[in-house]
Amino acid sequence: MARPVRLLFFTQTLGCETCLQARQIRDEWPALSDGITIDEVNLILEPETAKQYDIDRVPAIAVIGQDETGTERDSKIRFLGTPAGYEFMSLIQAVLLVGGRPSMLSEESLRLIAAVNVPTKVHVFTTPTCPHCPRAVTVAHEMAFANPNITAFAVEATEFPDLARKYSVNGVPKTVVNDSVEILGALAPDAFVSQALAQPGS
């Protein structure tokens, strides 16, 4: 890691059955690298911070990095739910990316991403037992990191069944862009970016 990474861990004391498990995973991170720090944010007590990072449920993680000048920069990478099982690898990839790992996307994909000039939300629904989910999550997070107009959420579908119902998630990974474009399965990165940024019906 060439640059430090700060993880904002959103939680609450009551009404969150999975926050304890998420905290246990969180507590393992500082031992992995001196470049990782973790700040805890209570969703109920600090609503303005939660709103700033577009977090409305817990547990959740926002990944914060630095630009070349050392100024803090929101990566727009989010995790909703406990990053357990295969999704732990997605969190590792996100931290490495924000910490300085070069993008794995092609120049063509980066060109398409750079052209996004309106707020865009990408939700990738996952489960801890899905071996293909980290592939979709990592591409979505790369898109967010490459353009601040894009925010990418990895959503643990079994923890948030209301979101799974809202977006008709019957299998994972399923990606939904701006509540309109849907991608089923884990595509190759170029195909994923192309479909994610396609206009509905095109």
Side-chain angles (χ1 to χ4, degrees), residues 7 9-10 17-18 21-22 25-26 53-63 75-98 101-106 108-110 112-113 116 119-202:
L7 301 179
F9 173 64
F10 292 83
E17 296 180 359
T18 58
Q21 180 188 6
I25 294 174
R26 177 207 69 179
Y53 291 98
D54 206 10
I55 300 295
D56 62 359
R57 57 191 66 220
V58 290
I61 296 172
V63 185
S75 70
K76 296 302 186 81
I77 291 173
R78 307 285 187 264
F79 288 85
L80 300 182
T82 306
Y86 284 103
E87 281 314 296
F88 188 70
M89 291 304 301
S90 298
L91 182 55
I92 290 176
Q93 288 297 330
V95 169
L96 291 176
L97 176 66
V98 176
R101 172 180 63 75
S103 173
M104 296 186 293
L105 300 180
S106 69
E108 175 61 19
S109 287
L110 291 172
L112 291 174
I113 294 166
V116 176
T120 299
K121 290 186 179 181
V122 181
H123 290 83
V124 183
F125 288 87
T126 72
T127 62
T129 57
C130 168
H132 305 292
C133 289
R135 184 176 178 183
V137 169
T138 297
V139 177
H141 284 164
E142 289 246 14
M143 292 173 63
F145 188 65
N147 187 328
N149 289 317
I150 301 172
T151 305
F153 298 82
V155 184
E156 213 286 74
T158 59
E159 287 187 47
F160 302 114
D162 61 319
L163 288 180
R165 287 192 297 270
K166 176 182 178 181
Y167 292 107
S168 302
V169 177
N170 297 312
V172 292
K174 179 176 181 177
T175 303
V176 181
V177 183
N178 284 345
D179 295 356
S180 55
V181 176
E182 295 187 356
I183 301 172
L184 302 179
L187 306 181
D190 283 348
F192 184 98
V193 172
S194 178
Q195 288 197 28
L197 299 182
Q199 296 298 316
S202 63

Non-hydrogen atoms of [X] and [Y] that approach each other most closely:
X	Y	value
Val176	Ser180	CG1-N, 4.2 Å
Phe125	Ala164	CE2-N, 4.1 Å
Pro59	Ala22	CB-CB, 3.7 Å
Ile113	Asn147	O-ND2, 2.7 Å
Asp179	Tyr167	OD1-OH, 2.6 Å
Tyr53	Arg78	O-NE, 2.8 Å

What is the distance from atom [atom1] of [X] to atom [atom2] of [Y], rounded to the nearest 0.5 Å?
X	Y	atom1	atom2	value
Ile55	Leu80	CD1	CG	5.5 Å
Leu197	Ile150	CG	CD1	5.5 Å
Leu184	Lys174	CG	NZ	6.0 Å
Phe192	Leu105	CZ	CG	10.0 Å
Arg165	Asn170	CZ	CG	12.0 Å
Phe79	Glu156	CZ	CD	12.0 Å

Please tell me whether [X] and [Y] have a donor and an acceptor in their side chains that are separated by less than 3.5 angstrom.
X	Y	value
Asn149	Thr120	no
Thr82	Glu159	yes
Glu87	Ser90	yes
Thr138	Gln93	no

Go through the steps for Val124 and Val155 under the test side-chain contact (heavy atoms from CB on, under 4.5 Å), then give the verdict. CA-CA 6 Å; Val124 183; Val155 184; over 6 Å; no
Requested in this report: If a pair satisfies disulfide bond (SG atoms under 2.5 Å apart) and one of its residues is in residues 131-190, list it, with sequence neighbours excluded.
Outcome: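 Listed once each, the pairs are Cys130-Cys133.
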message = Show every disulfide bond (SG atoms under 2.5 Å apart) that has at least one partner inside residues 163-192, sequence neighbours left out.
response =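 Checked against disulfide bond (SG atoms under 2.5 Å apart) - neighbours excluded - no pair reaches residues 163-192.
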ask   = Do Gln195 and Thr175 come within less than 4.5 Å of each other through their side chains, counting heavy atoms only?
value =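 A side-chain contact under 4.5 Å is absent here.
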Donor-acceptor contact below 3.5 Å, side chain [X] vs main chain [Y]:
X	Y	answer
His141	Phe153	no
Glu142	Ser103	no
Arg135	Pro173	no

